[in-house]
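We count ligands from 1, going down the list as the structure has it; atoms in each ligand are counted the same way.
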Amino acid sequence: MSTTFESKEDFSNQTKLISMGWDVSFQEYVDGTGTPARIIGLNTGVFHLSQGGGDWQAKVSGKVRHMAASSDSGGLYPVIGDWVLVQNSVITKVLPRRNALSRGAAGGRGKNNATAAEEQVMAANLDTVFIVCGLDRDFNVRRIERYLALVYNCGLIPVIVLTKADLHDEPEVCVDEVKAVALGVPVHLVSAEDATGVLELEQYLTSGKTASMIGSSGAGKSTLLNRLYGESVQATGAVSQSVGKGKHTTTSRDLIFMPQGGMLIDNPGIREIAFHENEGGVESAFADIESLAQGCSFSNCSHMHEPGCRVLEAATNRDIPPERLESYYKMKRELGYLSERQHKSADRVEKERWRDVALHIKKGKKIKRNK
Ligand SMILES: Nc1nc2c(ncn2[C@@H]2O[C@H](COP(=O)(O)OP(=O)(O)OP(=O)(O)O)[C@@H](O)[C@H]2O)c(=O)[nH]1
Ligand SMILES: [Mg+2]
Ligand SMILES: [Zn+2]
């Protein structure tokens, strides 16, 4: 497709794509191998595509599969939200992503809470990420901190949605608690049950904009999508009474065209928030601590024991909750391990890891003996 329009139809097709998030930055990758379409769903090797009209199914070409499998080719395997070129129901090219929401693959973490070696891309080409948290047993400020670090690490814009407001006696208290750790991030209090606050979210769903929801299973993501949509388009499931967790009702990722004009991606609940690469997400999520750290006496201060440490001082004065500092240490450690692994030989890191494990075991034995 060219930027000059040869026909009315050409113009109308382009307008449809723009309403789906297409912009000029993608245009330069369009070659003769196919026409642009967006991935709106996937199901065991079959991709659901749209060009703004109805959706249809396609498979990837052998070349795309091959390029994605060889790590140094820069080839991408399509995910939800990707722009691709398609010809005769075959995806011939995946266009470079504007951004992607990704994390370490579940279960891919090593010892010491290390970051995952494998990356799992959840969605591409997003304008907003809704971090959805229910105000039932799902509510957990530390988990929200972690989601924030993840979203920032991907260079994406987070919006926090505290849902199930109807289930909490003092939901405003939760909002304040979250605002204290999510500096400058919009926090919306909603209820999908009685529609409180839901209209506020429409500002993120205007024409051409794509938002994706993340949160644990049972947080209320699909219910919220249905409420915003105005009818039930996604299945929802009850939360277990005994453990207070959802049962992974949503199992696939779907991009839904919303009546508001934008698109909303529903994701399955996340079990484990693992990082893949260090892109400064922790520094952004903990900007308050990072800014204090500028004033520490030692430029390489670990904020754990050094004299003249502004961070420890703030923690002692309770300006920073100790739990927040602990979260910060933990995520820093995880990301630190990753960069070590990137810079040292695998052998050396492995040896060091075993030394840590050995120390741990020794400590464990001592504790037992002392009993
Ligand atoms: N009272 C109340 N219940 C809600 C609200 N939102 C969701 N629920 C209930 O919470 C349960 C889980 O909701 P889902 O929307 O299926 O949760 P989910 O985040 O999509 O879960 P997964 O698909 O497993 O990731 C359902 O029983 C919903 O009825 C709300 O605002 N208020
Ligand atoms: Mg769901
Ligand atoms: Zn310090």
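Residue-environment remark: CD1 (I157) stays at or below the threshold of 12 foreign heavy atoms within 6.0 Å. Within 6.0 Å of the CD atom in E202, the count of heavy atoms belonging to other residues, nucleotides or ligands exceeds 12. Surrounding CG of N88 are at most 12 heavy atoms belonging to other residues, nucleotides or ligands under 6.0 Å away. Summarising the local packing, NE2 of H248 is surrounded by more than 12 heavy atoms from other residues, nucleotides or ligands at distances under 6.0 Å.
Of the possible donor and acceptor atoms, one in the side chain of T92 sits under 3.5 Å from a partner among the backbone N and O of L85. When atom types are taken as modelled, the side chain of N267 and the backbone of R253 share no donor-acceptor pair closer than 3.5 angstrom. N140 contributes a side-chain N or O that, together with a main-chain N or O of R142, makes up a donor-acceptor pair within less than 3.5 Å. A donor-acceptor pair under 3.5 Å links the side-chain atoms of D194 to the main chain of T196, judged by distance alone.
Nearest residue to atom 16 (O) of ligand 1 from G215, G237, S222, C133 is G237 (criterion: closest heavy atom). Between atom 14 (P) of ligand 1 and the options V190, T223, T196, the minimum heavy-atom separation is to T223. Scanning A195, S217, G134 for the heavy atom closest to atom 22 (P) of ligand 1 points to S217.
Take the N/O/S atoms of H303: the one nearest the Zn ion (ligand 3) is ND1.
A salt bridge links K93 to D31: at least one charged side-chain nitrogen sits closer than 4.0 Å to a carboxylate oxygen.
Residue A238 approaches ligand 1 through these ligand atoms, each under 4.0 Å from one of its heavy atoms: 27 (O). Of all atoms in ligand 1, numbered sequentially from 1 with element shown, those under 4.0 Å from a heavy atom of D166 are 1 (N), 2 (C), 30 (C), 31 (O), 32 (N). In summary, the atoms of ligand 1 found under 4.0 Å from a heavy atom of G269, numbered by their order in the structure, are 25 (O). Proximity to S191 (heavy-atom distance under 4.0 Å) selects the following atoms of ligand 1: 31 (O). The T163 neighbourhood of ligand 1 comprises atoms 31 (O), with distances under 4.0 Å to a heavy atom of that residue. The atoms of ligand 1 that sit less than 4.0 Å from any heavy atom of S216 are 19 (O). Each of the following atoms of ligand 1 lies closer than 4.0 Å to a heavy atom of H248: 24 (O).
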request  = Start with the C-alpha distance between Y204 and H188, add both sets of side-chain angles, then the distance that settles ring-ring contact (aromatic ring centres under 6.0 Å, His included), and finish with yes or no.
outcome  = CA-CA 12 Å; Y204 307 105; H188 296 281; 5.5 Å; yes
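Seen from the Mg ion (ligand 2), atom OG on S222 and atom OG1 on T250 lie at an angle near 90° (rounded to 10 degrees). Rounded to 10°, the angle formed at the Zn ion (ligand 3) by C309 SG and C296 SG is 110°.
Of the residues listed (H276, Q120, E119), the one engaging R103 in a side-chain hydrogen bond (donor to acceptor under 3.5 Å, both in side chains) is Q120, and it is the only one.
S217 lies apart from the Mg ion (ligand 2) in this respect, since none of its N, O or S atoms is found at a distance under 2.8 Å. Residue T223 does not count as close to the Mg ion (ligand 2), with no N, O or S atom under 2.8 Å.
Using a non-hydrogen distance threshold of 4.0 Å, A192 registers as a contact of ligand 1. Heavy-atom separations between A165 and ligand 1 are all 4.0 Å or longer.
Any N or O atom pair closer than 3.5 Å counts here, and T250 shares at least one such pair with ligand 1. By the 3.5 Å distance cut-off applied to N or O atoms, K247 is not counted among the residues near ligand 1.
The shortest contact between atom 17 (O) of ligand 1 and any protein heavy atom is with G220 N, 3.2 Å. Of the protein's heavy atoms, K164 NZ, 3.1 Å lies nearest to atom 10 (O) of ligand 1. Given atom 21 (O) of ligand 1, the protein heavy atom at minimum distance is G218 N, 2.9 Å.
The closest side-chain donor-acceptor pair between D266 and Q234 falls under 3.5 angstrom.
For the pair K164 and V239, the tightest heavy-atom approach, listed with the atom from each and the gap, is NZ-CG2, 3.8 Å.
Grouping the Ile, Leu, Val, Met, Phe, Trp and Tyr side chains by contacts below 4.5 angstrom, directly or via other members, places F47 with L95.
Only side-chain heavy atoms of L167 come within less than 4.0 Å of ligand 1; its backbone N, CA, C and O stay farther off. Both the backbone and the side chain of T249 come within 4.0 Å of ligand 1, counting heavy atoms alone.
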